[in-house]
Amino acid sequence: MRLLRILSGIFEPKRAFEADTDFWEILLALVLDGSLVGLWLSLSLAHRVFLKVVVFAIPVTVLAWAIISAILWILARIRSKIKLYQVLRIEGIAFQALIPCLVLLTPYTNAYGLDISRYGGGILYPLSVSLLILSWALSITYLGFRHFKVSPRWSLGVLIAYMTSIVLGAEIFMRYLSAGHFSIFDLLRLA
Amino acid sequence: MTMRKGEFLIALLLSILLIELSLCFRPLEKNLQLKVGYNVIIDREIPQEKAELLAKRLKEANCEVAKVWLPTRLLKTKVLDNGEYGGWDFSLYDRVLEPIAREGIEIILEPVFRSAGDMNIPDLREDMLVVRGGKRVPFPSLLHPRVREYILSTLEAISAHYAKTEIGEKIVAIDILNEPYIFNFGGLSILVEENHRVVPAFLMPDEKPDCNQDFYWQVEKIAEFVGMASDRIKMHLRGTKTMVVADGGFFTFPPSIALHKALWEKVDLIGIDPYVGSFAGYKNPFPWFYYKMLVEQAKQASKPIWVTEWNWDAAWWYEWTMPLDFPKEFVERSADYGVEGVCFFLFNSFGKPGLFALYDLEGDEIPPEKLEIYEAVKKAYEEIKGGEE
């Protein structure tokens, strides 16, 4: 049942943070997420189960969780005493937002592959889903930081710094690829 | 043990996800209307008996449609006294196309308006070539008036020559631009120069200083030109469709997608060239997800889609690498995705040693080492048409 408590942490974050979960339980929840992602990639994109992908998606999910947690921990500990283990727990719960994300994207990917310029309003649907889920995961991270006594201002600062660096990195990459002609915001022209 | 609200919600989400995923697991739909065929490349003179045998071999291989590459340099175009292009010699074109048409095989004609070598414009000057990455490259510029005149007059000559003939009736489509150079630098592939210096992947279609250097202006002009070429063909071959073909990487970069969408508006059919094995092996979903994404991108133009080239991996033509169960799945998926026709690349060898091809034009036979893959493609074509399972 404690596994279910982690999984349902996106709906009840406070309860999930208070629960006495250990590292292995969080890891188990992430293994479940990884296998769902693998199944999703296989079935919704190619209509067949590819076991290799299901197995491969698990370490990728766990690695993503570890890297994101490490970055957030490095940023957060500048002005707080939060521990890496606590950030890993927070992100373990925030990662459960993958489940509603997969639910919302399955009909879309099944119909259109990952073609972001399709689905009625063009890029609107996948973009809205991504933003919704991202905000959800970021809110849980914020609540987690607050639960572990990081100040509200610094919690917000960490998330803003984190998001800014991701957007900036993508923009620099796109500018580099296109010799300065195109921005990631040009993707919106595909709508 | 009671379930709390959050636990109930996550259990509900998980159930919905599993139901959705189980619905994705479905058998592929068979579409008996899918046209199947091969690419044929003729880049030099061949005698009549070779052409006859080639057509016969195509028929034996269950070919319904052949994409026949005949570079326009084979027409030996001349500059006439009045400065116009003319004097086309259609003898090789006729020699190749006539037996294929006689076998009842439909033809997609590929005149290969691409490199300077393919076209061999008789009065080609250096200023007619495009400038990319700061230097001239051997591609005549689609923005140069004289290059445009060459392409338009040649297309009109071809259409007029085959109008109201039996060959003309079998030419179901003419490809105006095949994987044009203007897109090849897009995508996430980083361009690496000879000295291994990595440079940005994006280049303008033509960087000549006397050309407007606005990207979308150039796109619009090239699209307008494709529209004009399409009209010239239809002046004579009214029943023939026009086509542009996109290489398999066009969708990876927004400018490249914008270019293709502008071109697609001007023609009747869209060609795509997926080489799905280029993506991370066979036993995973990415080849199929890549293929489906290509088709979905092309579907946005609401025009019929042809797979004008397919094979395992373009980079592996020189090796013997195609998994033998791949042709069946590829053809079945093509039918399932709503593609109108598929042409395997490549049926005949054309002089480049080792190039992956099923039939040896020199030896007049299917070489023994190619028999397995030849049979696999032939059988896949037979099965999709409702033949022997």
Side-chain angles (χ1 to χ4, degrees), chain A residues 1 4-13 15-16 32 36 38-53 56 96 99-100 102-107 109-119 122 173-184 186-190, chain B residues 1 3-14 16-28 133 186-191 198-204 215 251 253-255 257-258 261 281 283-297 299-300 329 333 336-337:
Chain A
M1 279 313 278
L4 198 55
R5 200 175 297 174
I6 297 170
L7 292 177
S8 63
I10 42 167
F11 296 110
E12 298 173 299
R15 182 167 165 256
L32 183 71
L36 285 176
L39 262 180
W40 180 85
L41 280 169
S42 287
L43 282 166
S44 73
L45 293 174
H47 314 297
R48 222 175 74 185
V49 177
F50 295 85
L51 252 185
K52 201 165 86 178
V53 174
F56 189 66
Q96 303 313 315
I99 295 170
L102 297 183
V103 169
L104 291 171
L105 284 180
T106 305
T109 43
N110 182 25
Y112 301 121
L114 268 185
D115 179 358
I116 53 166
S117 55
R118 293 273 290 190
Y119 206 83
F173 186 61
M174 178 63 110
R175 293 271 173 189
Y176 171 72
L177 272 184
S178 66
H181 282 80
F182 289 91
S183 148
I184 49 168
D186 278 321
L187 286 170
L188 295 171
R189 294 177 78 139
L190 297 177
Chain B
M1 188 162 45
M3 198 180 251
R4 292 172 63 104
K5 197 173 80 181
E7 291 165 355
F8 170 75
L9 284 171
I10 201 73
L12 185 70
L13 279 179
L14 280 169
I16 294 173
L17 182 61
L18 291 177
I19 291 168
E20 279 179 350
L21 290 178
S22 65
L23 290 175
C24 297
F25 189 60
R26 60 178 174 78
L28 300 174
L188 293 176
S189 55
I190 309 283
L191 194 69
V198 179
V199 296
F202 177 80
L203 295 167
M204 295 289 287
F215 176 74
F251 71 95
F253 202 43
I257 297 174
K261 286 186 178 165
K283 299 291 180 196
N284 71 53
F286 293 104
W288 306 122
F289 138 60
Y290 154 75
Y291 180 29
K292 184 164 188 183
M293 191 156 70
L294 275 189
V295 173
E296 290 303 330
Q297 278 283 352
K299 271 185 183 172
Q300 292 184 61
E329 183 154 8
R333 282 184 185 267
D336 185 66
Y337 295 172

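Note that the structure is a prediction, hence the values are computed from the model and not measured. Just so we're on the same page: letters track the sequence lines, and every chain starts at 1. Keep in mind that the numbers below use all heavy atoms, side chains included, and drop hydrogens, waters and symmetry copies.
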Engineer: Drop me the distance from B:I16's CD1 to A:L104's CG, to the nearest 0.5 angstrom.
Structural biologist: 9.0 Å

Engineer: Just verifying a value: how many Å separate B:F8 CZ and A:S8 OG, rounded to the nearest 0.5 Å?
Structural biologist: 12.5 Å

Engineer: Check A:F11 against B:L9 and note the closest heavy-atom contact, atom names and distance.
Structural biologist: CE1-CB, 3.5 Å

Engineer: Determine the minimum heavy-atom distance between A:S44 and B:C24, stating which atoms define it.
Structural biologist: CA-SG, 3.8 Å

Engineer: CZ of B:R4 to CG of A:L4: how many Å apart, nearest 0.5 Å?
Structural biologist: 11.0 Å

Engineer: Would a 4.5 Å heavy-atom cut-off, applied to side chains only, mark A:L36 and B:L14 as touching?
Structural biologist: yes

Engineer: Hey, what do you get for NZ (B:K5) to CZ (A:R15), rounding to the nearest 0.5 Å?
Structural biologist: 12.0 Å

Engineer: Who among A:V49, A:I10, A:L102 has the most heavy-atom pairs with chain B under 4.5 Å?
Structural biologist: A:L102

Engineer: Give a yes or no on whether the backbone of A:N110 and the side-chain of B:K292 come within a donor-acceptor separation of less than 3.5 Å.
Structural biologist: yes

Engineer: Decide yes or no for A:H47 and B:R333: does some side-chain heavy atom of the first lie under 4.5 Å from some side-chain heavy atom of the second?
Structural biologist: yes

Engineer: Minimum heavy-atom separation for B:L13 and A:V103, please, with both atom names.
Structural biologist: O-CG2, 3.5 Å

Engineer: Given side chains that start at C-beta, do those of B:W288 and A:L45 come closer than 4.5 Å, heavy atoms only?
Structural biologist: no

Engineer: To the closest 0.5 Å, what do you measure between OG1 (A:T106) and CG (B:L18)?
Structural biologist: 10.0 Å

Engineer: If you look at every heavy atom in B:G6 and A:E12, which pair is closest and at what distance?
Structural biologist: CA-OE1, 3.5 Å

